[in-house]
Amino acid sequence: MVPPKKIKVLITKVGLDGHDRGAKVVSSLLREAGMEVIYLGMYQSPEGIVKAAIDEDVDVLGISFLSGEHLVFTPKIVSEMQKNQLDDVLLIAGGTFPAEDIPTMEKMGIDKVFRAGTLTDTIIQFIQANVRG
Amino acid sequence: MARSKQSGELIERLFAGDRLAAARLITLVENETDKHHEIMRQIYPRTGQALIVGITGSGGVGKSSLTNHLIKKFRDQGKTVGVVVVDPSSPFSGGAFLGDRIRLQRHTQDDGVYIRSLASRGYLGGLSRATNDVIRIMEAMGREVIIVETLGAGQDEIDVIHIAQTCLLVMTPGMGDDIQAMKAGIMEIADIIVINKADLDGTDICIRHIEAILSIGSFKEGDWVPKVIPTISVASKSENLRGIDELMDAIAEHQNYLRVTEAFEKVKFERIEQELGLIFKDELQKLVFKGLKGTGKKKKYIENIMSGNGDPYSVVDEILRTYILQGSDEI
């Protein structure tokens, strides 16, 4: 049964980070869960990501990190979102980074952080439960 | 911005060129919310003036990378650009993977470019149901050029012809012989045939095949004969790109042809004709389904047909007789 309102998700990587396997896997799984996933690819800037999120009117913005720059880029993306009044867009992050950074990332404004190894159902359920109406 | 913003205010901001307002209006229209018709009613008088270029062709032939170059060229001319890219929805999950933006990255930070990805959502014809409405929203936003890229189309996904004024069919060498080119459908709709990846083996023979088929076409004096343009849209060095300027010239030439002949009026007429037919069919279907919903009758009809106690034609006749002809609210 197709839900009446489609959940739109933007999945992207940011900065000089050339590992996109995880982002592609998550994109495919969200697609299989019935969501419309816009894949932006690698080497994106915070400004470009937020602009694409505006144009596409996405409900969820998902950033994949592996480069170790998650604490550098997170505040930039959050402030760019605030500047553009995207306060009702769910911001999630995933990838490989130290577990002790998660509270910092969430304090910086990420709604939910998923580390590598998270079950896909956990991600899907979080999105479905928290996405804007 | 709160989601609850009134569509009236969004429309005012759309007319001022606001991309966030455009984005939210497109969602309201694409999801066929109760505001859909009212939004279209209000913006319609501000539409119809843009140059609309359609790009179609099979998956992987280079539609998006060509779109990327065309955006750049139109921007160099100082024109604002709207881009609609369509990718398929899954028939099973209803989800979609929309990946065309990857090739359009260099325009992400240009305010003069507005790109929107649409999932086909089960609509056949190479576009999505909302495509024409989305283009009109971009027109009302003031975009001067709109590029519509279909999903990877095969032989018969030709709806783009009803929307675009100038239609590009993108092919690559090695996709088949002159017999493929003789088939009805997608080959017929092109105003310009782009042979992309023209550095591949077989480019010359491919061009010859297509030109041979065009030469036996039944064109009358004064008809537009499709141009064949070889291009290379991806190259590690930009000086190895080929054919983009020639492609832009061909688009301009076709637009000029439409202007000097009466073809422009015909194109506009066909777009509205298609639009009317589509809306009518949609609304009629919704009307009937609304009547059937929750009654359990649809399931019963299907089960009856399965067990040999009826056929789909009689069922539809019965539905139409009850619902449309007698104007009953019940089916």
Side-chain angles (χ1 to χ4, degrees), chain A residues 1-14 20 23-59 80-90 120 124 127-128 131-133, chain B residues 1-5 10 18-33 64 82-122 128 130 134 137-138 141:
Chain A
M1 183 62 198
V2 182
K5 189 199 170 292
K6 285 266 172 258
I7 296 175
K8 284 187 84 174
V9 188
L10 185 79
I11 298 285
T12 186
K13 296 198 59 92
V14 59
D20 63 348
K24 283 176 176 161
V25 168
V26 171
S27 298
S28 301
L29 293 165
L30 297 182
R31 190 204 77 199
E32 275 166 35
M35 300 180 196
E36 289 181 354
V37 182
I38 295 142
Y39 184 59
L40 212 52
M42 298 183 283
Y43 315 123
Q44 302 300 306
S45 68
E47 296 79 11
I49 290 169
V50 171
K51 193 118 170 268
I54 294 170
D55 284 6
E56 300 285 357
D57 195 21
V58 292
D59 306 294
E80 199 62 29
M81 285 175 77
Q82 283 165 348
K83 208 166 81 192
N84 288 283
Q85 298 158 302
L86 291 188
D87 27 291
D88 59 351
V89 173
L90 205 59
T120 53
I124 292 163
I127 292 175
Q128 283 168 344
V131 75
R132 64 191 184 185
Chain B
M1 189 183 70
R3 291 289 275 177
S4 55
K5 275 264 157 54
L10 288 176
D18 183 316
R19 62 200 311 136
L20 186 55
R24 301 254 145 127
L25 286 167
I26 289 173
T27 303
L28 290 171
V29 163
E30 195 192 8
N31 288 344
E32 298 185 47
T33 61
S64 298
V83 184
V84 186
V85 283
V86 185
D87 267 332
S89 294
S90 159
F92 304 110
S93 71
F97 181 79
L98 310 169
D100 291 316
R101 284 192 87 104
I102 292 191
R103 328 263 178 228
L104 309 175
Q105 285 182 6
R106 75 159 116 155
H107 307 290
T108 324
Q109 289 188 56
D110 178 355
D111 279 331
V113 181
Y114 180 92
I115 303 167
R116 183 71 172 227
S117 317
L118 300 176
S120 64
R121 298 191 177 177
S128 78
V134 173
I137 290 174
M138 289 184 183
M141 187 190 180

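Just so we're on the same page: letters track the sequence lines, and every chain starts at 1. Computed from heavy atoms alone, side chains included, the values below leave out hydrogens, waters and symmetry copies.
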A side-chain contact here means heavy atoms from C-beta on lying under 4.5 Å apart; do [X] and [Y] qualify?
| X | Y | answer |
| --- | --- | --- |
| A:Y39 | B:L98 | no |
| A:D55 | B:R101 | yes |
| A:S28 | B:F97 | no |

Please classify the contact between [X] and chain A as side chain, backbone, both or neither, with a heavy-atom cut-off of under 4.5 Å.
| X | value |
| --- | --- |
| B:D18 | neither |
| B:D100 | neither |
| B:V113 | backbone |

Using a 3.5 Å distance criterion without hydrogens, assess whether the side chain of A:K8 forms a donor-acceptor pair with backbone atoms of B:T27. no
Backbone N/O of B:Y114 and side chain of A:K51: donor-acceptor pair under 3.5 Å: no
Can you measure from CG (A:D57) to CZ (B:R24) and round to the nearest 0.5 angstrom? 4.5 Å
At their closest point, which heavy atom of [X] faces which heavy atom of [Y], and how far apart are they?
| X | Y | answer |
| --- | --- | --- |
| A:A52 | B:T108 | CB-CG2, 4.3 Å |
| B:Q105 | A:L40 | NE2-O, 3.0 Å |
| A:S45 | B:Q109 | OG-NE2, 2.8 Å |

Picking from A:E56, A:Q44, A:M35, which has the most non-hydrogen pairs under 4.5 angstrom with chain B? A:E56
With chain B as the partner, which of A:L30, A:I49, A:I38 has the greatest number of non-hydrogen pairs under 4.5 Å? A:I38
Is there a salt bridge (Lys or Arg N to Asp or Glu O under 4.0 Å) between B:R121 and A:E36 once you walk through the steps? CA-CA 10 Å; B:R121 298 191 177 177; A:E36 289 181 354; 2.7 Å; yes
Picking from B:G95, B:A119, B:G99, which has the most non-hydrogen pairs under 4.5 angstrom with chain A? B:G95
Selection from B:L104, B:L118, B:D111, B:T33 maximising heavy-atom pairs under 4.5 Å formed with chain A: B:D111
After noting the C-alpha distance and the side-chain angles of B:S90 and A:E32, does the key distance pass the side-chain hydrogen bond (donor to acceptor under 3.5 Å, both in side chains) rule? CA-CA 8 Å; B:S90 159; A:E32 275 166 35; over 6 Å; no
Can you tell me if CZ on B:R103 sees more than 12 non-hydrogen neighbours from other groups inside 6.0 Å? no
